[in-house]
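Heads up, the thing below is written out as structure tokens.
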2 protein chains.
Amino acid sequence: MEFKEAKNKFVQTWGALGSQWGINKTMAQIHALLMVSNEAVSMEDIMEELQISRGNASMNLRALMDWGIVYKEYKAGERREFFTAEKDLDELAVKISRERSKREIKPALKILKEVSTIESNNSAEEKHFVDQTSKLYDFVLKADNMLDKITEFNENWLGRLVLKIMK
Amino acid sequence: MEFKEAKNKFVQTWGALGSQWGINKTMAQIHALLMVSNEAVSMEDIMEELQISRGNASMNLRALMDWGIVYKEYKAGERREFFTAEKDLDELAVKISRERSKREIKPALKILKEVSTIESNNSAEEKHFVDQTSKLYDFVLKADNMLDKITEFNENWLGRLVLKIMK
DNA sequence: TTAAACTTTCAAAAATAAATGAAACTTATT
DNA sequence: AATAAGTTTCATTTATTTTTGAAAGTTTAA
């Protein structure tokens, strides 16, 4: 396999993986492209490589910057803007989990708390509901806190975590 | 908030969360419904509660059973089939991560290995590509193995893991 | 301040994913 | 072996999500 083919395959794969995890394909592809580029890339080039429209490129670059995993870069004597991706994978994982926690898990926890604290009558049905949603609340809260803690760690948290787990 | 409202809210929320994580809404909703039901539910009742068609219910129940998180149950003297969800949350998490690993991470790893082992010429561009995709391969592999290990643990792995991490 | 170079926005179009429903299929009962 | 009760399949329809592209907006520099 030669370089261009490999690069394309990587970008496509990353894009597909993204959609399976609720991140839109183009967003993931742009990220993939930037991650394997050794220098900052202009919007023009991104459009060209991925065959996407200007609007699409612009919106997804904005989204990636909102997530904090892509940065704008200005080159001396250049009018255009260039983009680079966070390339440190620990940093990337931390930012992604923070963002998903904030956007999805925190709001879900709020709802879980609400529904698990209704006052049930004494029917088995209602008791089970309260019991199960309370357990779920605790579980999700614990998992979310775990991610926070991991985040604080930082500096190769994954490696250190693996060591710890293996005992 | 009264029970019916709370139950509905929970089912809707779980459904929305599902779609954000690449699981279809109905599948997540059926799972939510079963999880908070204290007894097995018939397909008829699922259709009724979620206002979905028979085909939809059938296909998503099949998918949930393929994931190993919903079971069929037969009641004596009943012709119809009833369904229950895995209610143990540790077990649920383990099954979901196993399944996603098998379906998504393993295939992605295969591609990552392929593209990271092209023989690069000596351009900075190609060297960076090989370097970055190799790192990504290692990272994803490590994360995936971590999930496996956690899985083996089992019996309240999350609690034990949290303890470990907190030192 | 004007104009050129470039970026963003958003309504409409296209692509994708999910749901429907009727026909085919299965299984249990008489 | 016929029938009834129930389940699955899948071509078509519907809903949702993503993309486009042209107009509006910005910024820089002459």
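Both backbone and side-chain heavy atoms feed into the values below; hydrogens, waters and symmetry mates do not.
The shortest distance between the side-chain N/O atoms of B/Thr26 and the OP1/OP2 oxygens of C/dA19 is below 4.0 Å. The phosphate of D/dT8 (OP1 or OP2) has a side-chain N or O of B/Lys72 nearer than 4.0 angstrom. In terms of phosphate contacts, B/Asn24 brings a side-chain nitrogen or oxygen within less than 4.0 Å of OP1 or OP2 of C/dA19.
If you take CE of B/Met43 and C1' of C/dA19, they are 14 Å apart, rounded to a whole angstrom. Atom P of nucleotide C/dA5 and atom CE of A/Met47 are separated by 16 Å, given to the nearest angstrom. One can place CG of A/Asp66 at 11 Å from P of C/dT8, the figure rounded to the nearest angstrom. Atom CD1 in A/Ile46 sits roughly 13 Å away from atom C1' in C/dT7 (whole-Å rounding). Rounded to whole Å, atom P of D/dT18 lies 13 Å from atom CG of A/Leu64. The CZ atom of B/Arg80 sits 16 Å away from the P atom of C/dA28 (whole-angstrom rounding). Between the CD1 atom of B/Ile30 and the C1' atom of C/dA19 there is a distance of 12 Å, rounded to whole Å. Taking atom CG of B/Leu61 as the reference point, atom C1' of D/dT8 lies 12 Å away to the nearest angstrom.
With hydrophobic clusters built from ILVMFWY side chains whose heavy atoms lie under 4.5 angstrom apart, B/Leu92 does not share a cluster with B/Tyr71. The hydrophobic clustering, which links ILVMFWY residues whose side-chain heavy atoms are closer than 4.5 Å, places A/Val70 and A/Leu50 together.
With rounding to the nearest 0.5 angstrom, the OG1 atom of B/Thr117 is 10.5 Å from the CG atom of B/Leu112. If you take CD1 on B/Ile69 and CD1 on B/Ile30, they are separated by 11.0 Å, rounding to the nearest 0.5 Å. Here CG of B/Asp131 is found 11.0 Å from CG of A/Asn38. Values are rounded to the nearest 0.5 Å.
Remark: A/Phe3 engages B/Phe129 in a ring-ring contact (aromatic ring centres under 6.0 Å, His included) (not counting sequence neighbours).
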Between the protein and nucleotides 28-30 of chain D, which nitrogen or oxygen pairs are less than 3.5 angstrom apart?
residue	atom	partner	partner atom	Å
D/dT28	O2	A/Arg79	NH2	3.4

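Residues of residues 48-58 of chain A having a heavy atom closer than 4.0 Å to DNA chain D, listed by number: A/Gln51, A/Ile52, A/Ser53, A/Gly55, A/Asn56.
In terms of position along DNA chain C, the nucleotide closest to A/Phe82 lies nearer the 5' end than the nucleotide closest to the other residue of the pair A/Met59 and A/Phe82. Of the two residues near DNA chain C, A/Ser19 and A/Met65, the one whose nearest nucleotide lies more 5' is A/Met65.
Under the 4.5 Å side-chain criterion, counting only non-hydrogen atoms from C-beta, A/Leu34 is in contact with A/Ile46.
Looking at heavy-atom distances under 4.0 Å, B/Glu44 makes no contact with the nucleic acid at all.
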